[in-house]
S.K.: 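First, the structure itself, so that you have it in front of you.
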Amino acid sequence: MSVCFEVCPPRTGGEIPDRDARRVGTARKLAVAWLRFCGLEALVDDAKLIVSELVTNAIQHGDGQQITMTMTVRDGLLHLAVHNETPGRPVARDAPSDAERGRGLFLVDFLAAAHGGTWGTDHDGATTWCTLAMDGRP
């Protein structure tokens with residue numbers, strides 16, 4: 001499954017516009033529907049959170065006008081990827097305990113590892129991806 005979203009022009013890493021926030025919700029709903037269709041109900045909650053974090057990061061830190069979310073199943077893994085047209089290397093960081101944000105990639109890393117997967121970026125950093133093992137499914 002692949003879906004493209006138009007997003008508002010460059011952001012400064014602050015709050016995202018309401019229209020773009022709704023795009024995050026739409027991405028979550030599409031991910032859940034697709035996972036259920038594929039019989040991957042066990043991955044729904046964690047994958048929904050991962051999609052939310054990756055799409056939000058792409059909107060907040062990208063300067064393109066389009067986000068593409070892709071989900072595929074191959075070799076016993078669920079592959080999630082979000083492309084934002086902006087090269088750069090996102091990193092998981094340690095946010096202060098009172099911070100309201102800054103834990104997204106830490107959560108992605110934790111959830112991927114909990115499912116026998118991993119996360120990373122493509123060669124220029126414009127695509128952030130994550131894999132989750134499907135617990136013995138083909």
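Start at 1 with the first residue, then count along the sequence.
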S.K.: Below 4.5 Å, heavy atoms only, C-beta onward: do H61 and T86 meet side chain to side chain?
M.R.: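 With C-beta onward as the side chain, the pair stays apart.
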S.K.: Is F5 close to L30 at the side-chain level, that is, under 4.5 Å between some pair of heavy atoms?
M.R.: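 Yes - at least one pair of side-chain heavy atoms lies under 4.5 Å apart.
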S.K.: Which residues pass the salt bridge (charged side-chain N to carboxylate O under 4.0 Å, His left out) test with E85, sequence neighbours left out?
M.R.: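 Counting only residues at least two positions away or on another chain, E85 forms no salt bridge (charged side-chain N to carboxylate O under 4.0 Å, His left out).
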S.K.: Given 3.5 Å as the limit, does a donor-acceptor pair link the side chain of R23 with the main chain of E6, or not?
M.R.: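 At least one qualifying donor-acceptor pair exists.
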S.K.: State which residues pass side chain to side chain donor-acceptor pair (under 3.5 Å) with S52; sequence neighbours excluded, sorted by chain then number.
M.R.: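 Here the qualifying residues are R28.
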S.K.: Are W129 and V108 in one and the same hydrophobic cluster, where Ile, Leu, Val, Met, Phe, Trp and Tyr link if side-chain heavy atoms are under 4.5 Å apart?
M.R.: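 The answer is no; the residues belong to distinct hydrophobic clusters.
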S.K.: So do W34 and V73 actually touch side chain to side chain, heavy atoms under 4.5 Å?
M.R.: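 The answer is yes; the side chains approach within 4.5 Å.
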S.K.: Please identify each residue that fulfils side chain to side chain donor-acceptor pair (under 3.5 Å) with R36, with sequence neighbours left out.
M.R.: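 Partners of R36 by the side chain to side chain donor-acceptor pair (under 3.5 Å) criterion, ordered by chain and then number, come out as E41.
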S.K.: Any sub-3.5 Å donor-acceptor pair from D75's side-chain atoms to L77's backbone N or O?
M.R.: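 Here the side-chain-to-backbone pair does not exist.
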S.K.: Within the 4.5 Å heavy-atom criterion, are S2 and T68 side-chain neighbours or not?
M.R.: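 When only atoms from C-beta onward are counted, T68 and S2 do touch, with a gap below 4.5 Å.
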S.K.: Listed by chain and number, what are the side chain to side chain donor-acceptor pair (under 3.5 Å) partners of T26, not counting sequence neighbours?
M.R.: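 None.
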S.K.: Within the side chain of D122, is there an N or O that forms a donor-acceptor pair under 3.5 Å with the backbone of T127?
M.R.: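 Side chain of D122 to backbone of T127: a pair is present.
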S.K.: What's the separation between atom CG in D45 and atom NZ in K48, rounded to the nearest 0.5 Å?
M.R.: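 Here the interatomic distance stands at 5.5 Å.
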S.K.: Can you check whether G117's main-chain N or O pairs, donor with acceptor, with T131's side chain at less than 3.5 Å?
M.R.: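 No.
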S.K.: Taking C-beta and beyond as the side chain, do H83 and Q66 meet within less than 4.5 Å on heavy atoms?
M.R.: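 The answer is no, as the side chains (C-beta and beyond) never meet within the 4.5 Å cut-off.
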S.K.: List for me each residue that meets side chain to side chain donor-acceptor pair (under 3.5 Å) alongside T72, sequence neighbours excluded, and say none if there are none.
M.R.: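 Listed in chain order: R74.
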S.K.: In chain order, what residues pass the side-chain contact (heavy atoms from CB on, under 4.5 Å) check against L35, with sequence neighbours excluded?
M.R.: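 Partners of L35 under the side-chain contact (heavy atoms from CB on, under 4.5 Å) test: L40, V44, A47, M71, L78.
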S.K.: Please check if the side chain of T128 supplies one atom and the backbone of V82 the other of a donor-acceptor pair under 3.5 Å.
M.R.: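 Absent.
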